[in-house]
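Hydrogens, waters and symmetry mates are skipped; everything else that's a heavy atom, side chains included, is used. Every number for a ligand or one of its atoms is a count from 1 in the order of the listing. Keep in mind that this is a model prediction, so the values were computed, not measured.
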Amino acid sequence: MSGKKIITVFGATGAQGGGIISTFLNDPKLKNQWAVRGVTRDVSKDSSKKLAEQGVEVVAADINDKTSLVKALAGSYAAYGVTNYWEKADMKLEVQQGKNLADAAKEAGVQHYIWSSLYNVNKLSNGKLPHVYHFDSKAEVEDYVRELGIPATFFMPGFYMSNIPGGMFKPSPPDNAWTFGLPVAASSPIPIYDPRDTGKYIKAIVLNREALLGKRFLGATAYVTAQEIVDAFKALFPETGKTARFFQVPEEMFRGFMKSQGSPDYIVDEFYENMRLLEEFGYYGGEPLDESHKYVEDPLTTWEEYAAGAEPFAKLKKFVATEATRATEAASRLFEATFDLAGFREKAEPGRARLRALMQRRKRLRKEVEEFGGLLREKKLEREDEDRLLRFVQLEVVNTFSRTSEATATYLGRAMRCLIGSGFPAELRPLAAAPQSSLAATAGHADIITLLIELGAGKEIKDRNGWTPPYGAAVARCADVMKLLVKLGVDKDAKNNSGKTLLHWAAEAGRADIVRLFVELGVNKVAKDSSGKTPLYWVDLQEVRARNRGLQSLIKYIKAHLTGSPDRLVFSWVWRWAAEAGRADVVKLLE
Ligand SMILES: NC(=O)c1ccc[n+]([C@@H]2O[C@H](COP(=O)([O-])OP(=O)(O)OC[C@H]3O[C@@H](n4cnc5c(N)ncnc54)[C@H](OP(=O)(O)O)[C@@H]3O)[C@@H](O)[C@H]2O)c1
């Protein structure tokens, strides 16, 4: 062990400690720098022996006995302290154990103490949720560590994903459908955490010691809502998922169930309030996860990944992803990453570390997409796969462009170049790009249009109604984009499914500005649609429609205010119209 710094991990045989040990033993950045000491009360049990076989120095100590802790910590540079409230469910005892650990860390001269803490819910809720003891006790210990003045970071583990499969999410009456039941609304955000990821967070903490001393470090992959947890289950297990649901358990039912399981009243209160915390104040009081994530280098386990491997779900038939569906997922992640990156860059002062992390993530995803692209190119895709891929690309583009600024669009253009240009099947390119080009036009992104056409997007490609890309530009009043499209050779007189040109559309929509532009661009002014009508016909019809609308409101007005004394002069044109149109009812009304 010489030359290596020692990290002493309490709870070594448990979930959090176990996660730390496996990272410190295997991570290329850590394994040569750190030696791991693991603490247990029983060095002879199988789980302790297994740790010793892996190279952990396993030592015995009890967190109720401070002397044993000082001995266990001797020579440690860093230490991870955790208590297990649930063993005795005694708040006072947990506070004492936490203080023992802190005192021992001080006495042993530990340089970086990491305390597995949690928020004080009583304070966070202004006394509304006073019974979440296992949170409040850890927060009390955190205060004590701060008072002692030892160099420390406070790790705040999120909501264990392992609480969910088989426990909170299981087949339930009356129909035995898989039900995720919690006494909170389906939209409540849950910061999900896989304890096996603990090492990834602690790695970030020890590698960034100076920046993180005295700080809290949130340990969760993401906030997901209870409903999203169910939705992911449905996608993973489509057959069982058909009837899967979220159920907001009424308070009385929740309490009754816990009592029937033998929980004493104070634990029932504790659990109920712990869950209400999610909806009412937020598990972390609404704190975002970004500040911690910017230090984490390794990918965190998602709920989908966790659920796919969770033992209680093992017997359920999984969705089998084809290469095309996996490729679409990779493309989706790439779009998302590019979007995040662009959004972040647009901020006035982007943090360097976060920017680097985002760029690395995007690079990784680009590689992934390219690999899938290669796979897809080599294989003959099934028609169904092609359709799925195409539908996805369209949807993804609609989603991303709809929240895109001009600057972000440039980045998305690069993601598209990667997606369409570097691997996705050639025969899909013009197809996939088609709706994108009209969408890009809609959003007015001239550079995207140029790129798409460069990449081979079909200039004649049409949407469901047969409109070509300039339609999008016209709808969005983007004269520049219209001009660019025409310059790039897009047919300005192309007809839609009813044989209408864009001039027909502009005339019918009463869009004088666009009509003027089309005329400037030299479109065919007398093109005939499928029923032989020229654009002028639509202008006339527009006028009639406008008059019609005016008439309806006039009649309404007359009925309400002027019955018996209509102003003949004002209504003379209405008279004329009514006579011409043979509307005896209107003539009668005006008399
Ligand atoms: N479930 C959640 O969603 C959630 C969320 C956030 C935080 N937490 C907190 O997580 C904590 C539990 O952590 P975990 O899941 O890692 O625990 P765990 O898997 O249940 O394991 C408990 C560990 O604590 C050790 N331990 C217990 N009493 C000890 C003692 N007197 N002296 C020395 N070691 C002792 C055990 O070691 P030996 O048995 O080998 O001695 C074991 O390694 C709880 O306090 C809980 O409040 C839970």
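- Numbered from 1 in the order shown, with element, the atoms of ligand 1 that lie under 4.0 Å from a heavy atom of Glu94 read 45 (O).
- At a 3.5 angstrom cut-off on N or O pairs, Lys45 counts as close to ligand 1.
- Judged by distance alone, the side chains of Glu94 and His134 never bring a donor and an acceptor atom under 3.5 Å apart.
- Summarising the geometry of Leu207 relative to Glu297, their closest heavy-atom pair is CD1-OE2, 4.2 Å, with the distance given to 0.1 Å.
- The closest protein non-hydrogen atom to atom 31 (N) of ligand 1 is Asp62 OD1, 3.0 Å.
- Between Phe313 and Trp303, the two ring planes are perpendicular [angle over 60°; tilted spans 30° to 60°].
- Of the candidates Gly158, Pro157, Gly167, the one placing a heavy atom closest to atom 5 (C) of ligand 1 is Gly158.
- Taking any N or O of Val82, backbone or side chain, none lies under 3.5 Å from an N or O belonging to ligand 1.
- The aromatic rings of Tyr201 and Phe217 stand perpendicular to each other, their planes meeting at an angle above 60°, with 30° marking the opposite boundary.
- Ranking protein heavy atoms by distance to atom 16 (O) of ligand 1, first place goes to Gln16 N, 2.8 Å.
- Of the protein's non-hydrogen atoms, Ala15 N, 2.8 Å is the one closest to atom 19 (O) of ligand 1.
- Ligand 1 lies out of reach of Met156, whose nearest heavy atom is not under 4.0 Å from it.
- Heavy atoms of Phe155 found under 4.0 angstrom from ligand 1: none, in either backbone or side chain.
- Outside the 6.0 Å centre-distance limit, the rings of Phe154 and Trp115 are not counted as a close aromatic pair.
- Here the heavy atom of the protein found nearest to atom 44 (C) of ligand 1 is Thr83 O, 3.4 Å.
- Using the six-membered ring where Trp is involved, Tyr283 and Phe135 have ring planes that are perpendicular, over 60° apart on the 30 and 60° scheme.
- No part of Val39 comes within 4.0 Å of ligand 1, judged by heavy-atom distances.
- Ligand 1 has no atom lying under 4.0 Å from any heavy atom of Phe10.
- For the pair Glu251 and Arg255, the salt-bridge criterion is met [side-chain N within less than 4.0 Å of a carboxylate O].
- Of all protein heavy atoms, the one closest to atom 42 (C) of ligand 1 is Thr13 OG1, 3.4 Å.
- Counting the atoms of ligand 1 from 1 in the order shown, those under 4.0 Å from a heavy atom of Lys138 are 44 (C), 45 (O), 46 (C), 47 (O).
- Ligand 1 is never approached by Ser48 to a heavy-atom distance shorter than 4.0 Å.
- In this structure, the protein non-hydrogen atom closest to atom 21 (O) of ligand 1 is Gly14 CA, 3.3 Å.
- Asp194 and Arg196 are joined by a salt bridge, as a carboxylate oxygen and a charged side-chain nitrogen come within less than 4.0 angstrom of each other.
- Of the protein's non-hydrogen atoms, the one nearest atom 22 (C) of ligand 1 is Asn84 ND2, 3.7 Å.
- The ring of Phe169 has its center closer than 6.0 angstrom to the ring center of Phe233.
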Full working for side chain to side chain donor-acceptor pair (under 3.5 Å) between Asn120 and Asn122: CA-CA 6 Å; Asn120 185 321; Asn122 191 13; 5.1 Å; no
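- Phe180 and Phe246 have perpendicular rings, their planes meeting at more than 60° on a 0 to 90° scale where under 30° would count as parallel.
- Residue Ile63 has at least one nitrogen or oxygen atom sitting less than 3.5 Å from a nitrogen or oxygen atom of ligand 1, judged on distance alone.
- Looking at atom 35 (C) of ligand 1, its nearest protein heavy atom turns out to be Arg41 NE, 3.7 Å.
- Taking a 6.0 Å sphere around CD of Glu239, one finds it holds 12 or fewer heavy atoms contributed by other residues, nucleotides or ligands.
- Salt bridge Glu273/Lys128: absent, no basic N to carboxylate O contact under 4.0 Å.
- Set against the non-hydrogen atoms of Glu87, the atoms of ligand 1 under 4.0 Å away are 27 (C), 28 (N).
- Using a 4.0 Å cut-off between heavy atoms, Pro195 makes no contact with ligand 1 at all.
- By the 4.0 Å N-to-carboxylate-O rule, Glu87 lies close enough to Arg41 to be salt-bridged with it.
- Ligand 1 has no N or O atom lying under 3.5 Å from any N or O atom of Tyr283, backbone or side chain.
- Within the structure, the closest approach of Ser116 to ligand 1 does not fall below 4.0 Å when heavy atoms are considered.
- Under 4.0 Å from ligand 1, the heavy atoms of His134 that appear belong solely to its side chain.
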